[in-house]
There are 4 protein chains.
Amino acid sequence: MEASTRRSFGSDNNAPVAPEILQAIVDANEGDAVGYGDDPWTARAVARFKEHFGNSTGVYLTFNGTGANVAALSSLLRPWEAVLAPASAHLQTDECGALERFAGSKVIPIATSDGKLRPSDIEPYLLAGHGVHFPQPRAISISQAPEFGGVYELDEVRTLCTFAHAENLIVHMDGARLSNAAVALGATLCEASADLGVDILSFGGTKNGLMLGEAVCFFKPELSGDSAPYVRKQSMQLASKMRYLAAQFDALLSENRWSRYAAHANAMAQLLYQRVKDIPGVRVTRSVRCNAVFATLDRRAIEAIQREFFFYVFDEALPEVRWMTHWATTEQDVEEFAACIGRAVTEQ
Amino acid sequence: MEASTRRSFGSDNNAPVAPEILQAIVDANEGDAVGYGDDPWTARAVARFKEHFGNSTGVYLTFNGTGANVAALSSLLRPWEAVLAPASAHLQTDECGALERFAGSKVIPIATSDGKLRPSDIEPYLLAGHGVHFPQPRAISISQAPEFGGVYELDEVRTLCTFAHAENLIVHMDGARLSNAAVALGATLCEASADLGVDILSFGGTKNGLMLGEAVCFFKPELSGDSAPYVRKQSMQLASKMRYLAAQFDALLSENRWSRYAAHANAMAQLLYQRVKDIPGVRVTRSVRCNAVFATLDRRAIEAIQREFFFYVFDEALPEVRWMTHWATTEQDVEEFAACIGRAVTEQ
Amino acid sequence: MEASTRRSFGSDNNAPVAPEILQAIVDANEGDAVGYGDDPWTARAVARFKEHFGNSTGVYLTFNGTGANVAALSSLLRPWEAVLAPASAHLQTDECGALERFAGSKVIPIATSDGKLRPSDIEPYLLAGHGVHFPQPRAISISQAPEFGGVYELDEVRTLCTFAHAENLIVHMDGARLSNAAVALGATLCEASADLGVDILSFGGTKNGLMLGEAVCFFKPELSGDSAPYVRKQSMQLASKMRYLAAQFDALLSENRWSRYAAHANAMAQLLYQRVKDIPGVRVTRSVRCNAVFATLDRRAIEAIQREFFFYVFDEALPEVRWMTHWATTEQDVEEFAACIGRAVTEQ
Amino acid sequence: MEASTRRSFGSDNNAPVAPEILQAIVDANEGDAVGYGDDPWTARAVARFKEHFGNSTGVYLTFNGTGANVAALSSLLRPWEAVLAPASAHLQTDECGALERFAGSKVIPIATSDGKLRPSDIEPYLLAGHGVHFPQPRAISISQAPEFGGVYELDEVRTLCTFAHAENLIVHMDGARLSNAAVALGATLCEASADLGVDILSFGGTKNGLMLGEAVCFFKPELSGDSAPYVRKQSMQLASKMRYLAAQFDALLSENRWSRYAAHANAMAQLLYQRVKDIPGVRVTRSVRCNAVFATLDRRAIEAIQREFFFYVFDEALPEVRWMTHWATTEQDVEEFAACIGRAVTEQ
């Protein structure tokens, strides 16, 4: 079977585009439209964001998640200001140093057991001294859902934001999977972000049914001054045919689609968890709250499973794997995958 | 009439997506696919590029034209090396300094009358001296078609490439409208670029019928060493759901579509030229070879026309306007536009 | 005669250190001193600057002129903001693109006949449009004295500052030779800079008798917010043993030394001008106001003179040479140099 | 007593300039010299470096240690390549993110107990995977002597270099205190660096008796291609009056001065160690091999001592202090300092 067409538990970005999203693209394909966002689709998408997050929200659509994170943070940080992030953050591990190169700012990685930052993790960096010799911590970046599975509870984010603001730190949320987290928490998107004190959000579309597109949301637009439009352009994230990004977000944020797609993905992860948790030889290593299941199992079993399904080994040393579900994962996919896992561990 | 839905002669990026391209996207929306280009659609798109440009071509799809230019040049330039470009180049005027910020390299703008570089424009910069005190010119960037209308003749590009290589300079072609130029020149894409000695090409899709997508083509991949994949990622231009970019390029480069779309756009510009060239009060200022018509006319006439059609004033001082056609411009659009122009200049 | 020990009319940075400056260094070499500027010598130097430029002046010593210009402008510009400068500016031609690389900001070079900017040179760039697509002009950088000889009259700078501020532009003065210009204008340092509306000054020491050292002076410190200390450090311009830079500036700005050194250098240029202006075959090309004489003469004559004296050919095409004098140039040096020039042009 | 004139055990950069070094500066102050290093003093300094490190060594003088580290690494790293360093490295903690801003490259900080890297610290980063999504580790930066006291044994550096080269990693040594380390190890400068496999060295002058000046030494100049001269200029580290940096290094590297100064500093640290190690209430926390003594003691005792002597608290939490000696520290200074410490801990 060709690698690229195997059913994938590799990432939610391996999924196709949700049909309603694709239809929105097709519907937008009518006549001319002025470029760079001066079009009715973008106006509608921005209005949707404001419905969800409040009327003062500043919204900037970008191409991808790395672009969203970099555009968001670069709008706020001066190059001698640093951002504190878990060592596991996408910003630190999967953006090829884009922030450092584009913004000049240092990302300070903080070791955590679960990919979640707490005030006690941050305190030492505020006492570090060094005066002008060390970049000044100015922002905290947290991922909701975290890259290591689980989820920040609402109170955890609220506590962190309160702490951060007391220390004059800005809170950025990498919400590539905010929809999954909000569903897991039984919260609206706003309750899971702006309402808790988050200052800037990278809101993910690609991993929740879109073809491509992320959105930078400034909940306190004054923080970025007039930077954001220029930074988006200079960071190569300004689409000329913006309507095709905008139409997707308009659809995603309408008729509760963001929630339905995420809820399905989360449910499929729960189903997978139920099916594998008692398989001898499989040890689920992290709490399953959103759409990822982490587990350790025998290396030969992994290889056997990978001949049928695509997924990533997250930590080669253990080895620990990550299995992700998405809006289009079916119950049958999960059952067949779980069966394959069961066979593989038994046969080793 | 709402600004954004007026018929547009503003830019070829105001056009919708060509139906065959949109269909290719819809067709690609089937099942899971591994992200970041490890999928069969990307493999097919790369194969198409190699059919057109030769088997050793290195191909990297990006989101937009600024991203393509920056990724292309950043793969080759060290930060103390400079790129020589016409003062009118998109790289200089419309990328918000993205290359300077991302690559650190200086763009040296050269004044030209027509947006085209010639060896005599470049020579003074090679004699400039200053040793380590001035960035070393390492690349030339030319736009085909140029931003100021017209086209480089094949011999002009060949002469420039020969000159550049003799001076150890790399030639980058910003081919956002290479298809239009190739059609105008009666050449294949390869005859209009690689065959003339061009070293790297930013090949445009967005302005020729795609939803989004440009491609960086390295004709001498050894020039970029192993940089290109990392630079694309670090420059925030690596799509996760790559198949949707790739499928578009696969379609564009198949069945001569690139040529048909461009030929239509060029023909519409010629038709417009024929209709307006003898209107008293309209002076066509530049040769019409691809899909742009430049003209000077009375400021009040411009404003009157803009109430019905969208387009840009290119030089406010004269004023000089730019009227662009695209794959979807119809003869009726042109006739109505020309009639509107005729009325507007008469009424002033 | 060894190239490096020939008497030099090449640059005022070919001069030795003035004896009173060297003595100040020797005097500072007593006991321990806390690093990075927290020492009494730095306190005294800063007090001297405030005596000259006013009590609210923010002062940051740097190692060299490129460092001063970059630290000054980087404290004020965001990376999507541009600086307008004459094409002849040191910032553009002799800093190897340091600003672009460090700050990300674009330097927009403006062609001038004499190295001096006027409002009419700047106006087109303020009308350029392009919205977010072009870096926003935010600062003007002028060199006093200009690199092409002559001097800005006080009214010229005042007019430019008034114009700039009306357009919300900051005025940076590269004052590597401000002392020479102030003397030529019969003005104090403050009358020749801050009093005219200049916002930031790179004040030169190295070319007026110091071993090394320049100073960034913020006349409106609020413009840089809290950036300056961090930017100086991050730009690698913060000296640990600061007292040795500070002691030099304390001496230079005391007992009128800055003026005496500069006045001598200027007088030597005037003497040279008087001696060469009537030599057939030598054409002085630019007004001699400070310490530079520009002239065109026969290429073989240039080569003959260079066998005895060191200087630079400024424009190889003409060729045009630049002869510079400095605090230590003697009348005898000038007489012998002029005699050598006379012989050389006669013998060709 | 004024803070800045207290005797300092704060840093070796609080010391004055050694008399023989100052004399070398005074001696260089004779007549004109061509700028930027084309002078006989620079030629002699380079020759001295080659005597010490071998004839193929590429030598670039810079202003300060941050400049040396950034120029060294920027000459070798592409912006998508990363450098691995201990979390305690000056590069990580005391350069205000200069490398990130100037080079774009990520510094990956590695937690260590003693500021020393071992192959086992590095291995996990070579297995991290992430493909193009993570910057590629390309260099290791080690500090000799380490910032946390102690010293790398010769074998430790050799083992690390062998490991690094097998992994295609370059080894950079931040040798701000290499002289102290070499003396402690009974090795020549070359035996303690190039002979062990180190590829690039930042050789420190400022902390061993110079007024200012560091030197980047490329032991395999081919690694940097033709970058180094341009990078030094673009990083704002090229002195115009280079002779005054060069003369200092010529003197330092002659007549064994580098060794004598460092040996004295080390001996004073040993003396201090002997005097304080048995004081009840003072716990020396790290091995004393070069010119630093680390200790924990009561916070009120620290404050009492700081009223008479200047030094830094290195870790506020414990608290742990760092006491440094230098070429000019006298036995009497040490005795009085130790006596003061004794009194302070007794009185609490």
Side-chain angles (χ1 to χ4, degrees), chain B residues 34-39 42 58-62 70-83 98-106 108 128-138 168 216 222-242, chain D residues 34-39 42 58-62 67 70-83 98-106 108 128-138 168 216 222-240 242:
Chain B
V34 173
Y36 305 110
D38 190 13
D39 66 74
T42 303
V59 181
Y60 297 86
L61 305 185
T62 65
V70 170
L73 289 165
S74 299
S75 296
L76 290 154
L77 296 177
R78 291 173 288 185
W80 47 269
E81 293 176 328
V83 53
L99 187 74
E100 287 87 347
R101 183 163 187 181
F102 182 75
S105 289
K106 191 187 267 290
I108 300 177
H130 290 273
V132 301
H133 301 278
F134 193 71
Q136 299 299 294
R138 177 69 178 123
N168 197 29
V216 181
E222 69 280 8
L223 283 176
S224 70
D226 52 352
S227 282
Y230 298 101
V231 168
R232 177 171 59 171
K233 171 67 195 182
Q234 199 177 24
S235 63
M236 304 163 264
Q237 293 298 310
L238 179 62
S240 58
K241 294 182 170 177
M242 186 71 84
Chain D
V34 173
Y36 304 110
D38 190 13
D39 66 75
T42 304
V59 180
Y60 296 86
L61 306 185
T62 66
V70 170
L73 289 164
S74 299
S75 296
L76 290 154
L77 296 176
R78 291 174 288 186
W80 46 270
E81 293 176 330
V83 54
L99 187 76
E100 287 87 346
R101 183 163 187 182
F102 183 75
S105 289
K106 192 188 267 291
I108 301 176
H130 291 272
V132 302
H133 301 278
F134 192 71
Q136 299 300 293
R138 177 68 179 122
N168 197 29
V216 181
E222 69 280 8
L223 283 175
S224 70
D226 52 352
S227 282
Y230 298 101
V231 168
R232 177 172 58 171
K233 171 69 195 182
Q234 200 177 24
S235 62
M236 303 163 267
Q237 293 297 310
L238 180 61
S240 57
M242 185 72 85

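Quantities reported herein were computed from a predicted structural model and do not represent experimental measurements. Below, chains carry the letters A, B, ... as their sequence lines are ordered, and counting in each starts from 1.
- With a 4.5 Å cut-off on non-hydrogen atoms, D/S74 does not touch chain B at all.
- A donor-acceptor contact shorter than 3.5 Å is absent between the side chain of D/Q237 and the backbone of D/A71.
- Going from atom CZ of D/F102 over to atom CG of D/L73 covers 11.5 Å, rounded to the nearest 0.5 Å.
- In terms of heavy-atom pairs under 4.5 Å with chain D, the best-connected choice from B/S227, B/G104, B/P79, B/G131 is B/S227.
- In this structure, the side chain of B/R138 engages the main chain of B/N168 through a donor-acceptor pair within 3.5 Å.
- Residue B/E81 does not touch chain D at all, counting heavy-atom pairs closer than 4.5 Å.
- Not a single donor-acceptor pair under 3.5 Å links the side chain of B/Q234 to the backbone N or O of B/R232.
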